[in-house]
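Sharing a structure, written as structure tokens. Questions coming.
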Amino acid sequence: MAPTLAVPFNDSSALIDFVINQGNGVKGLSELGLKALPKQYIQPLEERMCMTNIVPQGSIPIIDMSNWEDPKVVKSICDAASEWGFFQIVNHDVPVEVLENVKDATYNFFRSPAEIKNKYSKEHSSSNNALEWKDYLSLFYVSEEEAFTLWPSICREQVLDYMKKSKVVIKQLLQVLMKGLNVNEIDEAKESLLMGSMRTNLNYYPKCPNPELTVGVGRHSDVSTLTILLQDEIGGLFVRGNEGDDWIHVPPIKGSLVINVGDALQIMSNGRYRSVEHRVVANGSKNRISVPIFVNPRPADMIGPLPELVANGEKPIYKQVLYSDYVKHFFRKAHDGKKTVEFAEL
């Protein structure tokens, strides 16, 4: 049994050594039985989740994908992307066992000994200068060969399978969303621009001694074209509602995937589709996992309003930016809501 610590790491270098250098992660901190949150994780007041701002009956749209080419379904996807920036899909083409396998593989990776995890996860994510209460593993997909060489064997096949099976759904969604912009054909160049690069994160949010003082993930919008998120049954993802400071909980639905528009698609759609701020709260009683797939342009791509939109006389509200510059700008600072997109505004 780990010793119970009353006063957590007051010394930042001891904390960083334990969490990062020794590979124990936030999970290791959680398992020490801390009675109080280390001060490095305490978020400023304005970044903590205020439970009075939660819309009690609020829900993002839930869309049945079993007949995804049906005009009604097409309309509901495009409406959700422009009004909410977030929706959940059910009856999609990713088999439930593929989703269950990748969840199990995520748990297995984070249960690995510290020295194994240490080989793969070095980063420490911060939000507004305080640290976020989560561990994560980032897996960039270049090719299967590279994945077999560089990814941890304990989760590699399950993640590859999840990415491969999700690709079908990603292509369906992009086809529908492009049609909503009157872009009726996705040729090779356009497909490469929309989904030329992919990355999966395995996220682990350990239970937390003072969940109200910290965040699992701070407020941010994604830099992707689309993000496909698998969440477990615990819940904790909140999306900014359409009324100022309102937040809507995204309830876990077994077998569903949460889809959200990223900044790249907001820019390419000239603001027609919205990337929306979201955040994850910490949990005082349960460990939570989630597995997002980020569907991105390639680093060397220029992103800006699609030529088809501008050709129709629409006034561009964004300039052309190099995607890698946009991403660097995002990672250069702590999570700060929707500020990144200003980088691309005209």
**Message:** Would you compute the distance between atom CG of Leu45 and atom CG of Leu213 and round it to the nearest 0.5 angstrom?
**Reply:** 9.5 Å

**Asked** Within the side chain of Asn201, is there an N or O that forms a donor-acceptor pair under 3.5 Å with the backbone of Pro292?
**Response** no

**Asked** Sub-3.5 Å donor-acceptor pair from the side chain of Thr214 to the main-chain atoms of Tyr41, do we have one?
**Response** yes

**Message:** Any heavy-atom pair between the side chains of Val215 and Met49 that's under 4.5 Å?
**Reply:** no

**Prompt:** Gln172 and Glu69: side chain to side chain contact (heavy atoms under 4.5 Å, CB included), yes or no, with the steps?
**Reply:** CA-CA 8 Å; Gln172 291 168 354; Glu69 290 180 282; over 6 Å; no

**Euclidean distance, Leu29 CG relative to Leu15 CG, rounded to 0.5 Å** = 5.5 Å

**Request:** Could you walk me through whether Lys164 and Glu157 pass the salt bridge (Lys or Arg N to Asp or Glu O under 4.0 Å) test, one step at a time?
**Result:** CA-CA 10 Å; Lys164 208 178 289 171; Glu157 282 170 42; over 6 Å; no

**Message:** With clusters defined by side-chain heavy atoms of hydrophobic residues (ILVMFWY) lying less than 4.5 Å apart, directly or transitively, does Val261 cluster with Phe343?
**Reply:** yes

**Asked** Are Asn260 and Asp222 close enough that a side-chain donor and a side-chain acceptor fall under 3.5 Å?
**Response** yes

**Item:** Shortest non-hydrogen contact between Gln231 and Lys103, atoms and distance
**Value:** O-NZ, 4.2 Å

**Request:** Kindly write out the residues that satisfy side-chain hydrogen bond (donor to acceptor under 3.5 Å, both in side chains) with Lys179, not counting sequence neighbours, or none if the list is empty.
**Result:** none

**Complete:** Heavy atoms of Ser138 and Arg199 approach each other most closely as OG-NH1, 3.0 Å

**Request:** Begin from the C-alpha positions of Glu132 and Arg279 and carry the test salt bridge (Lys or Arg N to Asp or Glu O under 4.0 Å) through to its verdict.
**Result:** CA-CA 11 Å; Glu132 296 176 337; Arg279 66 202 309 183; over 6 Å; no

**Item:** Heavy-atom pair with the smallest gap, counting every atom of Val295 and Ser224
**Value:** O-CB, 3.4 Å

**Complete:** Residues passing the salt bridge (Lys or Arg N to Asp or Glu O under 4.0 Å) test with Lys72, sequence neighbours excluded, are none

**Prompt:** Going by the angle between their ring planes, with limits at 30° and 60°, are His249 and Phe238 parallel, tilted or perpendicular?
**Reply:** tilted

**Request:** Would you mind listing every ring-ring contact (aromatic ring centres under 6.0 Å, His included) that reaches into residues 76-106, with sequence neighbours excluded?
**Result:** Phe86-His278

**Message:** How long is the straight-line distance from CG of Leu265 back to CZ of Arg274, given to the nearest 0.5 Å?
**Reply:** 13.0 Å

**Message:** Same cluster or not: Ile253 versus Leu229, using hydrophobic residues (I, L, V, M, F, W, Y) connected whenever any side-chain heavy atoms lie under 4.5 Å apart?
**Reply:** no

**Item:** Partner residues of Asp79 under the salt bridge (Lys or Arg N to Asp or Glu O under 4.0 Å) criterion, sequence neighbours left out
**Value:** Lys75

**Message:** Assess the residue pair Glu115 and Lys119 against the criterion (salt bridge (Lys or Arg N to Asp or Glu O under 4.0 Å)); give the C-alpha distance rounded to whole Å, side-chain angles, the decisive distance to 0.1 Å, and a yes or no.
**Reply:** CA-CA 7 Å; Glu115 58 274 13; Lys119 281 206 304 222; over 6 Å; no

**Request:** List the steps and the verdict of side chain to side chain contact (heavy atoms under 4.5 Å, CB included) for Val169 and Ile228.
**Result:** CA-CA 9 Å; Val169 176; Ile228 315 299; 5.8 Å; no

**Message:** Measuring only between side-chain heavy atoms, which start at C-beta, is Leu230 closer than 4.5 Å to Leu257?
**Reply:** yes

**Asked** Do any N or O atoms from the side chain of Ser256 and from the backbone of Pro252 form a donor-acceptor pair under 3.5 angstrom?
**Response** no

**Asked** Would Phe331 end up clustered with Tyr323 when hydrophobic side chains under 4.5 Å apart are linked, directly or stepwise?
**Response** yes

**Fill in**
On a heavy-atom basis, the closest approach of Gly255 and Val96 is CA-CG2, 4.3 Å

**Prompt:** Can you tell if the side chain of Leu346 reaches within under 4.5 Å of the side chain of Ile317, non-hydrogen atoms only?
**Reply:** no

**Asked** Quick one: does Val341's side chain get under 4.5 Å of Ile267's, heavy atoms only?
**Response** yes

**Message:** Under the ring-ring contact (aromatic ring centres under 6.0 Å, His included) definition, can you give me all pairs with a residue in residues 291-318, not counting sequence neighbours?
**Reply:** none

**Item:** Pairwise distance OG1(Thr200) to OH(Tyr141) - rounded to 0.5 angstrom
**Value:** 10.5 Å

**Prompt:** How far apart are the closest heavy atoms of Lys35 and Asn210, and which atoms are they?
**Reply:** O-OD1, 4.3 Å

**Prompt:** Can you tell me if Lys117 uses its side chain to pair, donor with acceptor, with the backbone of Phe110 under 3.5 Å?
**Reply:** yes

**Message:** Donor-acceptor pair, distance only, cut-off 3.5 Å: does the side chain of Arg48 make one with the backbone of Gln43?
**Reply:** yes

**Prompt:** Is any side-chain heavy atom of Val280 less than 4.5 Å from a side-chain heavy atom of Leu237?
**Reply:** yes

**Fill in**
When rounded to the nearest 0.5 Å, the distance separating CG of Leu174 from CD1 of Ile77 is 10.5 Å

**Asked** Ignoring hydrogens and geometry, is there a side-chain-to-backbone donor-acceptor pair from Asn91 to Asp64 under 3.5 Å?
**Response** no

**Message:** Would you say Ile186 ends up clustered with Ile259 if hydrophobic residues are merged whenever their side chains have heavy atoms under 4.5 Å apart, either directly or through other cluster members?
**Reply:** yes

**Prompt:** Are more than 12 heavy atoms from other residues, nucleotides or ligands located less than 6.0 Å from atom CD of Glu308?
**Reply:** yes

**Asn108 side chain to Gln158 side chain, donor-acceptor N/O pair below 3.5 angstrom** = no

**Message:** Heavy-atom count check: over 12 atoms from other residues, nucleotides or ligands less than 6.0 Å from Glu188 CD?
**Reply:** no

**Asked** So, Asn118 side chain and Asn21 main chain: donor-acceptor pair closer than 3.5 Å or not?
**Response** yes

**Complete:** Between Ala300 and Leu322, the two heavy atoms sitting closest are O-CD1, 3.6 Å

**Message:** With a 4.5 Å cut-off on side-chain heavy atoms, are Trp133 and Pro211 touching?
**Reply:** no

**Asked** Counting only N and O atoms by type, is there a donor-acceptor contact under 3.5 Å from the side chain of Arg219 to the main-chain atoms of Arg240?
**Response** no

**Message:** Working note: Glu185 + Lys190, criterion salt bridge (Lys or Arg N to Asp or Glu O under 4.0 Å); need CA distance, chi angles, decisive distance, verdict.
**Reply:** CA-CA 9 Å; Glu185 199 215 334; Lys190 182 87 72 281; over 6 Å; no

**Fill in**
By salt bridge (Lys or Arg N to Asp or Glu O under 4.0 Å), Arg111 pairs with (sequence neighbours left out) none

**Message:** side chain to side chain contact (heavy atoms under 4.5 Å, CB included) for Tyr107 and Asp232? Distances and angles first, verdict last.
**Reply:** CA-CA 11 Å; Tyr107 272 115; Asp232 66 10; 3.8 Å; yes

**Item:** Same apolar cluster (I L V M F W Y, side chains within < 4.5 Å links), Leu150/Leu137
**Value:** yes

**Message:** Apply side chain to side chain contact (heavy atoms under 4.5 Å, CB included) to residues Met163 and Leu139 and explain how you reach the verdict.
**Reply:** CA-CA 11 Å; Met163 289 181 97; Leu139 300 168; over 6 Å; no

**Item:** Gap separating the CG atom of Leu177 from the CZ atom of Arg272, nearest 0.5 angstrom
**Value:** 12.0 Å

**Backbone of Lys207 reached by a side-chain donor or acceptor of Asn287 within 3.5 Å** = yes

**Prompt:** Is a donor on one side and an acceptor on the other found under 3.5 Å between the side chain of Ser269 and the backbone of Tyr273?
**Reply:** yes

